[in-house]
Amino acid sequence: MVIIDEIGKASAKAQRLPAPITSASRMQTNQHHLYILKDCTAQTAGRGVVIGFLKVGYKKLFVLDHSGSHIEAEPLCILDFYIHESLQRHGFGKELFTLMLRTEQVEPQHLAIDRPSEKFLSFLRKHYNLRSTIPQVNNFVIFEGFFRDRKVPGRKLPPKRAEGEIKPYSLSERDFLKHEEGLPWPFSQAQSSLNRAGSLGSSPTRPCSRVIPREDEFVKSLRNCRPHSLSRAANGEQEDPSQRRRTSGH
């Protein structure tokens, strides 16, 4: 445990990282693989110092192809790679890297590398001829040939629609809801019954067919009008005695 923490700190210091990305606690909580190369010469009897280490793991990424389309893939990623400064340029890095490729059964061009340093990129160009990269929008670097002859091909995502075409709640639906707005079920039934009751008590309106007289003609007709009793006498009709008593009683 202490050895993993110490080599993680040494790697972070060499890469000028603010904090180690490799530690014993991290290795216990993920599915990453850690390859450690140590000195096993006869002088040390197998208890030699650590020369370097290589950490890899599968990650689900969204990468861009040559046309700029998003591809969902889960490649094997190089997460941390470190060889002690005093032992670099002795072939230890290539020995460790080749062991990892053989164990994981993966081709170098199918790897995704997390934030590689210029020294690491130079190492890949020299030993594995990885030169041309495919630009990405994340911290991972992939090389030409990443999408060719993969054991598990990536899944191409549909292109994103333009902002103007995204209508999660269209205007036509909003207008439709406005027309359909009303009271809930019990109240709507009561409202309709009230409307029916009101319509029964009111007579239907009909257009007026009578001709409304002018003001001067109306006044003239009032002047020529006689009281009710006089009009009955003029017509030769007898006045009803009961009507007279009812009137006098009032």
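For reference, positions follow the sequence shown, starting with 1. Any value given below was found using the heavy atoms of this structure, including those in side chains, with hydrogens, waters and symmetry copies removed.
For Glu118, the CD atom sits in a loose shell: 12 or fewer heavy atoms of surrounding residues, nucleotides or ligands are nearer than 6.0 Å. For Leu99, the CG atom sits in a packed shell: over 12 heavy atoms of surrounding residues, nucleotides or ligands are nearer than 6.0 Å.
Inter-residue side-chain proximity for His33 and Lys55 is flagged as unmet; no heavy-atom pair is nearer than 4.5 Å. The shortest distance between side-chain heavy atoms of Ile7 and Thr22 does not fall below 4.5 Å. Within the 4.5 Å cutoff, the side chain of Gln136 has no heavy atoms near those of the Phe62 side chain. Contact annotation: the side chain of Ile4 approaches that of Leu34 to within less than 4.5 Å [non-hydrogen atoms, C-beta and beyond]. Inter-residue side-chain proximity for Met100 and Leu76 is flagged as met; some heavy-atom pair is nearer than 4.5 Å. Inter-residue side-chain proximity for Tyr128 and Thr98 is flagged as met; some heavy-atom pair is nearer than 4.5 Å. The side-chain heavy atoms of His84 and Ile51, taken from C-beta on, include no pair separated by under 4.5 Å.
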Which atom pairs, one a donor and one an acceptor, fall under 3.5 Å between side chains of residues 108-116 and the rest of the protein, sequence neighbours left out?
residue, atom, partner, partner atom, Å
His110, NE2, Arg148, O, 2.6

Side-chain donor-acceptor pairs under 3.5 Å in residues 120-127, sequence neighbours left out?
none

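In plain terms, the two heavy atoms of Lys60 and Glu74 that are nearest each other are N-CG, 3.9 Å. Closest non-hydrogen pair, Ile134 versus Phe143, comes out as CD1-O, 3.8 Å. For the pair Leu61 and Pro75, the tightest heavy-atom approach, listed with the atom from each and the gap, is CD1-CG, 4.0 Å. Closest heavy-atom contact between Gly8 and Pro20: O-CB, 3.8 Å.
In this structure, CD on Gln88 lies 10.0 Å from NE2 on His90, to the nearest 0.5 angstrom. Rounding to the nearest 0.5 angstrom, the gap separating the CG atom in Leu101 from the NZ atom in Lys94 is 9.0 Å. Of the inter-residue distances, the one linking Arg102 atom CZ with Gln105 atom CD reads 11.0 Å to the nearest 0.5 angstrom.
Following chains of ILVMFWY side-chain contacts shorter than 4.5 Å, one cannot reach Ile78 starting from Met27, and the two form parts of different hydrophobic clusters. One hydrophobic cluster, built from ILVMFWY side chains closer than 4.5 Å, cannot hold both Val50 and Leu87; they sit in different ones. Transitive grouping of hydrophobic side chains (ILVMFWY, heavy atoms separated by less than 4.5 Å) brings Phe81 and Leu130 into a common cluster.
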ask   = After noting the C-alpha distance and the side-chain angles of Glu144 and His66, does the key distance pass the side-chain hydrogen bond (donor to acceptor under 3.5 Å, both in side chains) rule?
value = CA-CA 9 Å; Glu144 189 73 29; His66 294 88; 3.1 Å; yes

inquiry  = Test side-chain contact (heavy atoms from CB on, under 4.5 Å) on Leu96 and Ile83; report intermediate values, then the result.
reply    = CA-CA 9 Å; Leu96 183 59; Ile83 300 295; 4.3 Å; yes

query = Given the rule in the side-chain contact (heavy atoms from CB on, under 4.5 Å) test, do Val137 and Leu64 qualify, once you have shown the distances and angles that lead to the verdict?
reply = CA-CA 8 Å; Val137 295; Leu64 301 178; 3.9 Å; yes

Chi angles and distances behind the side-chain contact (heavy atoms from CB on, under 4.5 Å) call for Phe140, Cys77 = CA-CA 9 Å; Phe140 286 85; Cys77 302; 3.8 Å; yes

query = Could you walk me through whether Thr133 and Ile142 pass the side-chain contact (heavy atoms from CB on, under 4.5 Å) check?
reply = CA-CA 6 Å; Thr133 61; Ile142 62 176; over 6 Å; no

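Residues meeting the side-chain contact (heavy atoms from CB on, under 4.5 Å) test with Ser11, sequence neighbours left out: Gln15, Phe53, Asp80, Tyr82.
No close placement of the Tyr35 and Phe97 rings is indicated, their centers lying 6.0 Å or farther apart.
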